[in-house]
Amino acid sequence: MSQTAAPPRPTGLGAALPVVGKSDTRPTWCPGCGDFGVVAAVEMAVKRLQLPSHTVVVISGIGCSSNLPHFLSSYGFHGIHGRVLPVAEGIRWANHGLTVIGTGGDGDGFGIGAGHFVHAMRRNVDLTYVTMDNQIYGLTTGQASPTSTMGQKTKSTPNGVIENPIDPVSLALASGATYIARGFSGDVKHLADLVANGIQHKGFSFVDVFSPCVTYNKINTFDFFRQRVYKLESAGHDPTDLVAAWQRSLEWGDKIPIGLFYKTDRPTYEDLEEVLAAGPLALQPAGLRGKESLLDEFV
Amino acid sequence: MTELAVRIGGQAGDGIASIGESIARSFSRMGLHVFGLNAYQSVIRGGHVWFQARASDGRPYSPGDGTDILYALDKATVDIHGAGVRPGGAVLFDPEKFSVAPSELPAGVTPLGVPTLQIARKYTSQSILQNAGGIGATAFLAGIPLPLLHEVLTDSFGRKAGEIVDWNVGASAEGYRFAEAHGHAHDHALSRQGEPKLLMNGNTAIALGAAAAGCKFLSQYPMTPASSIMHWLAAHSTALGVVVKQAEDELAAINMAIGASFAGVRAMTATSGGGFSLMVEALGMAGMTETPLVVVEAQRAGPSTGLPTKTEQGDLNMMLGAGQGEFPRAILAPSCPAEAYRSMIDAFRLAEEFQTPILVASDLHLSENFMTVDRSEIDLNVPVPSLFTVPPSETNYLRYQYTDSGVSPRAIPGQPGLMFVAGSDEHDERGHLVSDIHAGIPRYVTERQRMMEKRMRKLGGLARAAPLPVLEGPPDAPLTFVAWGSTVGAVRDARAELAAGGKATNLLRFPTVYPIAADAARPLLEKARRTLLVEANFSGQFGRLLRAELGFACSDRLLKYDGEPFLPHEIVARALEVM
């Protein structure tokens, strides 16, 4: 379909407009929460890319981390538990001129929202999904999450977790995401690089972040990760090597890798959806005026 | 009014629906009005299915109460439907497959054996071609001109292999001539009545109406009887510029539609009761974030997975109460395809004007059965104004500004200077949360109360702006039927039958079941001398709503919950009891 006469873009004023920064709302997270590092890294990333506030939409679900959109000066959608990705996909398909960033926690993304996580990745929707993974349910005061460690004692598992944790990175590899990274909120600059590169990547970018809960998770603390994480970039990892990415994703113990696991190029869902070839859907003409011949099929 | 009803029966996989649609389309091209009932089961092959095409020089609104020509592809069809053939009628069958003795049929009904298999073998070894001879013979008895039937068959096969069209044309002509030689046209055979009419089912009318209203995005998960809304829009997606997304589940479907709407397109989802159950939480999110949304709920017989291929109006209570807490919504309930088309235009208009979810309550009977529509009833010239209404120069923009109407100016991502966060948590005029560190603090307790009242004020506007109740028939009739949705059709036919017998009645129907415009409904109900509530559910859900909203109790009820649509004679019988 060729470009049709679309109404003038209500955006279009571009770089002269303010870029994304802090909003006038201050985070309500516990002092020392890992999520402070994540919001700082996201802000740093969008600033570096000079993205105007009105062209960015940050979407979240429910949980401590899902308050994040309120702390940035972009458009935001703070929805219900687990549905970050379908809302984000709908926004992308309605206007693929927008930069779409999904945010949320491990319970939101890998528990109640696990089905959407897998499907959004296989579609390779061009958006960036940042999960603040603290391996615990914080806002509901400390129950086990899908990434809680086997044996971990929580309010809902007083005798210890007896389920194997989900590994978000290998799940993303299996599901077909085209940019898969892991960051640590204790290293904001490194995390900001991962997020900025993820936003620039054309396709589904997944950045799982170790973002410790200082109140309810006494195992996976800042110190726990500081002692263990190493950067793939300094370890000779080739992020275009899928087999190597799989091997690195399985590493867990004294050494835990952070950085870019895998990156590849594949057409995005928006590339393959023919209707979007005519430009952002929100700017395309709508209705059936003058299409009376459409009724012939009912004769 | 002269009518002629043709019924075709056999097993799933025999091509019954396609024979039925060909007959129904032949009638509609003759300019006749048709009701086409496609009765099927949740099996892909086998079982028993049938199609009834009821044509009339008047306007039939239901499948009617009898059959004049029965084309039986198997003996079970004769056993199940033979007794319903009216005197003067005929039963077509192939004697090579089974026999039908006159004694098996009602008095005055003639069996007519047609060698459909023998005819088919002249063209191909594929036994499905037997249907062509059967259609041809049926067409002769029903008064359908052979050239017109050939046009319909040719069009229905479209660009498929030419020889298939040739076989069907040849075999149907032989069937037609066989019937001409061995039978006679039915006394009620109808002739042409002017311009061809449009033939559509509720779902295609819904899909067409959505596109006409400016819908650019449909996300849906397959579920009977809503799936064909997605099928029609998917088939026209590229040509009409509508993105159609089959989602991973109904949770995703509704959330995708909300995301798309938030970002500035008219968006919808469609489902049946089971899928709607999964959408309930997000419906509330659309209400809370004040995001326009249209949801089509094509009901089927429940509870749970119930009767997947049978009809009911049992989900009204769920649609009224879906979602925790309270938020404004409207529920439109079209009665026929022509009205379903208009309902979708109303639904998008209301969703946009009031920035809240609008439900369109269909059911299997409306969604999947066919009715004719006059071209003049489908006006494609629907205004589709831009959604970017707030000027970017706006200062101190308040997305959730308190207003008298409850409707606040709506910005859309991409517009400079108007950034806000849409929150599913309670929020103030700017969109800032009042749910966490502000919760319970006196100033914010007041904010919460004011924001609830702002949202709920939309209900008053919705009641005034949605289609009002309609009284059909003489205002002073001794009996008033009260009905909504597809049940209206059978009530109309019952009223016509009662009127023919000298019994005047009227019908008060509710194209909007919620909110009820009390000022419009109350005087009509209070004037009614006796009211007979007709609805397809166990407990009389709409009757209960009328009592709750207006304090009005219908004097009599006729409820049906066997999965089958109302038939006029059932309504006539109940009306005569209470009159």
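Heavy-atom basis, side chains included; hydrogens, waters and symmetry copies ignored. Note that the structure is a prediction, hence the values are computed from the model and not measured. Below, chain A is the first sequence line, B the second, and so on; all start at residue 1.
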What's the spacing between [X] [atom1] and [Y] [atom2] if we round to 0.5 Å?
X	Y	atom1	atom2	result
B/R375	A/D296	CZ	CG	5.0 Å
B/R399	A/Y75	CZ	OH	10.5 Å
B/D436	A/T28	CG	OG1	4.5 Å
A/H81	B/M285	NE2	CE	13.5 Å
A/R92	B/M256	CZ	CE	13.5 Å
A/F298	B/L208	CZ	CG	5.0 Å

Minimal non-hydrogen separation, [X] against [Y], with atom names:
X	Y	result
A/H54	B/G417	CB-N, 4.5 Å
B/S424	A/I80	OG-CG2, 3.5 Å
B/P416	A/L17	CB-CD1, 3.7 Å
A/A94	B/A260	CB-O, 3.4 Å
B/H236	A/L294	CD2-CD1, 3.8 Å
A/R289	B/V384	NH2-CB, 3.8 Å

query: Given the options A/G79, A/A286, A/G115, A/P86, which has more heavy-atom pairs under 4.5 Å with chain B than any of the others?
result: A/P86
query: For chain B, which of A/V57, A/T25, A/L281 has the most heavy-atom pairs under 4.5 Å?
result: A/L281
Contacts of B/D249 that satisfy side-chain contact (heavy atoms from CB on, under 4.5 Å) - sequence neighbours left out: A/H116, B/L251, B/A252
With a 4.5 angstrom heavy-atom cut-off, could you sort out which part of [X] is near chain B: side chain, backbone, both or neither?
X	result
A/L72	neither
A/S73	backbone
A/E292	both
A/D24	side chain
A/R123	side chain
A/S74	backbone
A/L85	neither
A/V299	both

Under 4.5 Å heavy-atom distance to chain A, tell me which part of [X] shows up: side chain, backbone, both or neither.
X	answer
B/I254	neither
B/A247	backbone
B/K216	both
B/L199	both
B/T289	side chain
B/V242	backbone
B/F420	both
B/S261	neither

Go through [options] and name the one with the most non-hydrogen pairs under 4.5 angstrom from chain A.
options	answer
B/L387, B/V243, B/V373, B/I378	B/V243
B/K245, B/M200, B/R25	B/K245
B/M288, B/H427, B/K197, B/H432	B/H432

- request: Start with the C-alpha distance between B/S237 and A/E274, add both sets of side-chain angles, then the distance that settles side-chain contact (heavy atoms from CB on, under 4.5 Å), and finish with yes or no.
  value: CA-CA 9 Å; B/S237 164; A/E274 285 181 34; over 6 Å; no
- request: Take B/F388 and A/L283, measure what side-chain contact (heavy atoms from CB on, under 4.5 Å) needs, and give me the verdict at the end.
  value: CA-CA 10 Å; B/F388 296 89; A/L283 306 178; 4.0 Å; yes
message: Go through it in stages, so that I can follow the logic: the residues are A/V118 and B/E248, the test is side-chain contact (heavy atoms from CB on, under 4.5 Å), and I'd like the CA-CA distance, side-chain angles, deciding distance and then a yes or no.
response: CA-CA 10 Å; A/V118 169; B/E248 59 268 30; over 6 Å; no
task: State whether the number of non-hydrogen atoms from other residues, nucleotides or ligands found under 6.0 Å of A/Y137 atom OH is greater than 12.
output: yes
query: Does B/E195 CD have over 12 foreign heavy atoms under 6.0 Å away?
result: no
query: Could you go step by step and tell me if A/L295 and B/L380 meet the side-chain contact (heavy atoms from CB on, under 4.5 Å) rule?
result: CA-CA 9 Å; A/L295 297 182; B/L380 298 180; 4.3 Å; yes
- prompt: Can you check whether A/H78 reaches B/L433 side chain to side chain, under 4.5 Å on heavy atoms?
  reply: yes
